[in-house]
**Q** 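Would you mind keeping the following structure in view while I ask a few things?
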Amino acid sequence: MKRVYEGRVFAVEVGRMPFPNGSEHDVAIVRHRPSVVLVPMLADGRVLLIRQYRPATNRVMWELPAGSIDADEPLEAAAVRECAEETGLVPGKVEQLAAHYPAPGFCDERLVFFRAPELVPAGPDSPYHADDDEDIETRACTLAEARAMVARGEIEDLKTAFGLTLV
């Protein structure tokens with residue numbers, strides 16, 4: 001396999017690969033570190049969604065907070081960090097719900113879903129800050145409201161639609 005692209009978020013490898021049946025085929029694979037997806041839950045049971053611009057779709061989208069883990073970062077630490085960076089709230093704990101490959105036909109990214117309850121505001125001296133390219137709006141809504149947004153097509157992000165089924 002030859003790496004033909006290496007970026008900040010992912011890399012692309014192309015080449016021939018042996019398959020389990022003994023045949024060989026040309027493949028192109030997107031290499032992506034695992035990502036965490038948070039379902040931040042307020043004390044009253046509402047879930048926090050974020051709205052941000054996504055260049056790949058050229059749209060502003062409602063989503064659950066999510067992001068790639070840093071090199072050698074434990075999944076739970078990444079979950080806390082991403083929740084705080086994207087919502088301004090730090091979860092008192094995180095509970096892993098599931099882990100799935102969203103696009104195994106071409107990408108090795110694994111999404112690890114976490115419930116994030118016991119949210120408290122990040123203090124002024126918090127080490128967590130939004131990335132420079134993020135302009136995020138948050139919205140608290142009931143699970144029923146969020147699921148209705150999926151049904152109406154207002155939430156088009158698949159990880160969010162699926163994550164809302166886990167709680």
**Q** Linking I/L/V/M/F/W/Y whenever their side-chain heavy atoms sit closer than 4.5 Å, directly or via other members, would Leu143 and Leu42 fall into one cluster?
**A** no
**Q** Give the cluster check for Phe10 versus Val4: same hydrophobic cluster or not, with ILVMFWY residues linked at side-chain heavy-atom distances below 4.5 Å.
**A** yes
**Q** Would you indicate whether Asn21, at its atom CG, is surrounded by more than 12 heavy atoms from other residues, nucleotides or ligands within a distance under 6.0 Å?
**A** yes
**Q** Within the structure provided, determine whether Leu89 and Leu48 are in side-chain contact (heavy-atom separation under 4.5 Å).
**A** yes
**Q** Check whether any side-chain heavy atom of Phe114 sits under 4.5 Å from a side-chain heavy atom of Val36, and report yes or no.
**A** yes
**Q** Looking at Lys159 and Glu63, is any side-chain nitrogen of the basic one under 4.0 Å from a carboxylate oxygen of the acidic one?
**A** yes
**Q** Side-chain contact, heavy-atom cut-off 4.5 Å: Arg110 with Ser35?
**A** no
**Q** Is the closest side-chain heavy-atom distance between Glu137 and Ile50 below 4.5 Å?
**A** no
**Q** Any chance you could lay out the side-chain contact (heavy atoms from CB on, under 4.5 Å) test for Val94 and Val80, step after step, and finish with the verdict?
**A** CA-CA 7 Å; Val94 290; Val80 170; 4.0 Å; yes
**Q** Does Cys83 reach the side chain of Leu119, with side-chain heavy atoms less than 4.5 Å apart?
**A**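 Heavy-atom side-chain distance check passes, below 4.5 Å.
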**Q** How are the rings of His25 and Phe19 set to each other: parallel, tilted or perpendicular (split at 30° and 60°)?
**A** perpendicular
**Q** Check whether Glu85 reaches the backbone of Glu82 with its side chain - one donor and one acceptor, N or O, closer than 3.5 Å.
**A**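 No, Glu85 side chain to Glu82 backbone: no donor-acceptor pair under 3.5 Å.
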**Q** Quick one: are Val14 and Asp26 in side-chain contact, heavy atoms under 4.5 Å?
**A** no
**Q** Measure across Ile155 and Ala161 and return the closest heavy-atom pair with its distance rounded to 0.1 Å.
**A** CG2-N, 4.5 Å
**Q** Take Leu64 and Leu38 through the side-chain contact (heavy atoms from CB on, under 4.5 Å) test and state the conclusion after the steps.
**A** CA-CA 6 Å; Leu64 289 171; Leu38 292 305; 5.9 Å; no
**Q** Quick check: is Met61 connected to Val37 through a chain of hydrophobic side chains (ILVMFWY, heavy atoms under 4.5 Å apart)?
**A**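 No, it is not one cluster - the side chains of Val37 and Met61 are not joined through contacts under 4.5 Å.
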**Q** Are Val30 and Tyr101 connected, step by step, through hydrophobic side chains (Ile, Leu, Val, Met, Phe, Trp, Tyr) whose heavy atoms are closer than 4.5 Å?
**A**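 No, Val30 does not connect to Tyr101 through the hydrophobic network.
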**Q** Determine whether Arg139 and Trp62 satisfy the following criterion, side-chain contact (heavy atoms from CB on, under 4.5 Å), listing intermediate values before the conclusion.
**A** CA-CA 9 Å; Arg139 174 180 177 185; Trp62 285 107; 3.4 Å; yes
**Q** Which value, rounded to the nearest 0.5 Å, describes the distance between Glu109 atom CD and His32 atom NE2?
**A** 4.0 Å
**Q** Examine distances only and state if a side-chain atom of Arg147 and a backbone atom of Leu164 form a donor-acceptor pair shorter than 3.5 Å.
**A**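 Side chain of Arg147 to backbone of Leu164: a pair is present.
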**Q** State plainly whether the residues Glu6 and Arg31 are in salt-bridge range, i.e. N to O under 4.0 Å.
**A** no
**Q** Looking at every heavy atom in both Phe113 and His100, which two are closest together, and how far apart are they?
**A**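 Heavy atoms of Phe113 and His100 come nearest at CE1-CD2, 4.4 Å.
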**Q** Around atom CZ of Arg59, are there more than 12 heavy atoms from other residues, nucleotides or ligands closer than 6.0 Å?
**A** no
**Q** With heavy-atom distances below 4.5 Å as the criterion, would you say the side chains of Val60 and Gln52 are in contact?
**A** no
**Q** For the CG atom on Leu166, are there more than 12 heavy atoms of other groups (residues, nucleotides or ligands in this structure) within a distance under 6.0 Å?
**A**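 Atom CG in Leu166 is crowded, with more than 12 foreign heavy atoms closer than 6.0 Å.
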**Q** For residues Glu24 and Met17, determine if any side-chain heavy atom of one lies less than 4.5 Å from a side-chain heavy atom of the other.
**A** no
**Q** Indicate the atoms forming the closest heavy-atom contact of Ala140 with Arg46, along with that distance.
**A**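 Heavy atoms of Ala140 and Arg46 come nearest at CB-NH1, 3.5 Å.
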**Q** Begin from the C-alpha positions of Met1 and Ile29 and carry the test side-chain contact (heavy atoms from CB on, under 4.5 Å) through to its verdict.
**A** CA-CA 9 Å; Met1 298 291 289; Ile29 300 173; 3.9 Å; yes
**Q** Under a 4.0 Å N-O cut-off, is there an ion pair linking Arg54 with Asp157?
**A** no
**Q** Is it true that a side-chain atom of Arg33 and a backbone atom of Ile69 form a donor plus acceptor pair closer than 3.5 Å?
**A**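 Yes, the answer is positive, given that a donor and an acceptor are paired below the 3.5 Å cut-off.
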**Q** Hydrophobic clustering (ILVMFWY, side-chain heavy atoms < 4.5 Å, transitive) - are Val150 and Phe162 grouped together?
**A**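 Result: yes, single cluster for both.
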**Q** If I compare all heavy atoms of Glu86 with all of Pro65, which pair ends up nearest, and what's the gap?
**A** OE1-CA, 3.2 Å
**Q** Can you see which heavy atom on Thr142 is nearest to which on Val47, and at what distance?
**A** O-CG1, 4.3 Å
**Q** Work out which heavy atom in Cys141 is nearest to a heavy atom in Leu49; give both atom names and the distance.
**A** SG-CD1, 3.7 Å
